[in-house]
Amino acid sequence: MIIAIDGPAGSGKSTVAKTVAEKLNFRYIDTGSMYRSVAWKSLQKNTAFRDEDAVADIASKVKIELIPGKDGQLVFVDGKNITDQLKVEEISRGAAIVAAQPMIRDIMTTQQRKLGQQGKVVIDGRDIGTVVFPQADKKFFLDADPKERGRRRFIELKGKGQSGSTDLPTIIKQIIQRDHEDRSRKIAPLKQAKDAILIDTTHLSVDQVVEKIIQIITPSS
Ligand code: C5P
């Protein structure tokens, strides 16, 4: 069984997907962290995010491991735990830039299909229900008001001590900008699959969203 959860940044999809996976005893795959890992490695190698050939070379060679941890998924790149370095703005921007390039998407999509084919997965991203697994058993699209999404991202970064001098209005602006890029790119843009169930999470807690999804997947629970 494959459960696809797509949506924009701050819609709650990662936290929700991780919790749904825990409850069902499924594997959780956060595809955003794969694009972030490619951006991280490119930065390490001083490679421009827009240099498609060079970034594709990195993407095809880099070893990305997604390992379930106590507080969520751990991300190892070439054997190094970089989980805490992935949410900073430079990497968010970089991930959106590399993710808009066809060669990189091809490599990532192939890897994601391999991971998902093992079955019993909850996989989240932007194009899971539309491109990576159009035949997923259940598809959800999470969305929320941009102000609320910015507030969540701000709290997340602050909690990790990574908000720096960036204030809430700036984070909201960055989120709106990234949404625009993700929705308007030519290849695999962020959009709700026709058969995905839309959940507006603006006024819902993580538990409420998880509950809704579990009810839909296993109506008898
Ligand atoms: O989900 P997250 O915010 O970590 O994703 C970072 C970026 O990676 C997104 O803004 C998007 O550009 C890209 N992404 C994508 N397709 C996915 C997952 C993420 O294009 N399946």
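Order of listing sets the numbers, starting from 1, for every ligand and every atom in it.
- Ligand 1 has a nitrogen or oxygen under 3.5 angstrom from a nitrogen or oxygen of R36.
- Neither F141 nor I123 shares a network with the other; the hydrophobic side chains, linked directly or stepwise wherever heavy atoms of I, L, V, M, F, W or Y lie under 4.5 Å apart, form separate groups for each.
- Heavy-atom contacts of K13 reach the following atoms of ligand 1: 1 (O) (cutoff under 4.0 Å).
- In terms of polar-atom proximity, defined here as any N/O pair under 3.5 Å, R185 does make such a contact with ligand 1.
- Contacts of R183 with ligand 1, taken as heavy-atom pairs under 4.0 Å, are absent altogether.
- Q101 places a side-chain N or O within donor-acceptor distance of the main-chain N or O of F49, the cut-off being under 3.5 Å.
- Other residues, nucleotides and ligands contribute only 12 or fewer heavy atoms inside 6.0 Å of the NZ atom of K191.
- Ion pairing of E181 with R93 is present here, as a side-chain N (NZ or NE/NH1/NH2) and a carboxylate O approach within less than 4.0 Å.
- Between D127 and ligand 1, an N or O atom pair is found at a separation short of 3.5 Å.
- With ligand atoms numbered from 1 in the order given, ligand 1 contributes 17 (C), 18 (C), 21 (N) to contacts under 4.0 Å with heavy atoms of T31.
- Summarising the contacts of atom 12 (O) of ligand 1 with D182, D30, T130, the nearest heavy atom is found in D182.
- Counting heavy atoms only, A99 comes closest to atom 13 (C) of ligand 1 of the residues G32, G94, A99.
- Here the heavy atom of the protein found nearest to atom 8 (O) of ligand 1 is Y35 CB, 3.7 Å.
- Of all the heavy atoms of R105, the ones lying under 4.0 Å from any atom of ligand 1 belong exclusively to the side chain.
- With T218 contributing its side chain and Q215 its backbone, the two residues share no donor-acceptor pair below 3.5 Å.
- Under a 3.5 Å cut-off, the side chain of D124 and the backbone N or O of D30 do not form any donor-acceptor pair.
- The residue from R126, Q112, R178 that puts a heavy atom closest to atom 17 (C) of ligand 1 is R126.
- Under 4.0 angstrom from ligand 1, there are no non-hydrogen atoms of M108.
- A salt bridge is defined here as a Lys NZ or Arg NE, NH1 or NH2 lying under 4.0 Å from an Asp or Glu carboxylate O, and E156 with K160 meets this definition.
- Ionic pairing of K45 and D78 is not present here: no N-O contact between side-chain nitrogen and carboxylate oxygen is shorter than 4.0 angstrom.
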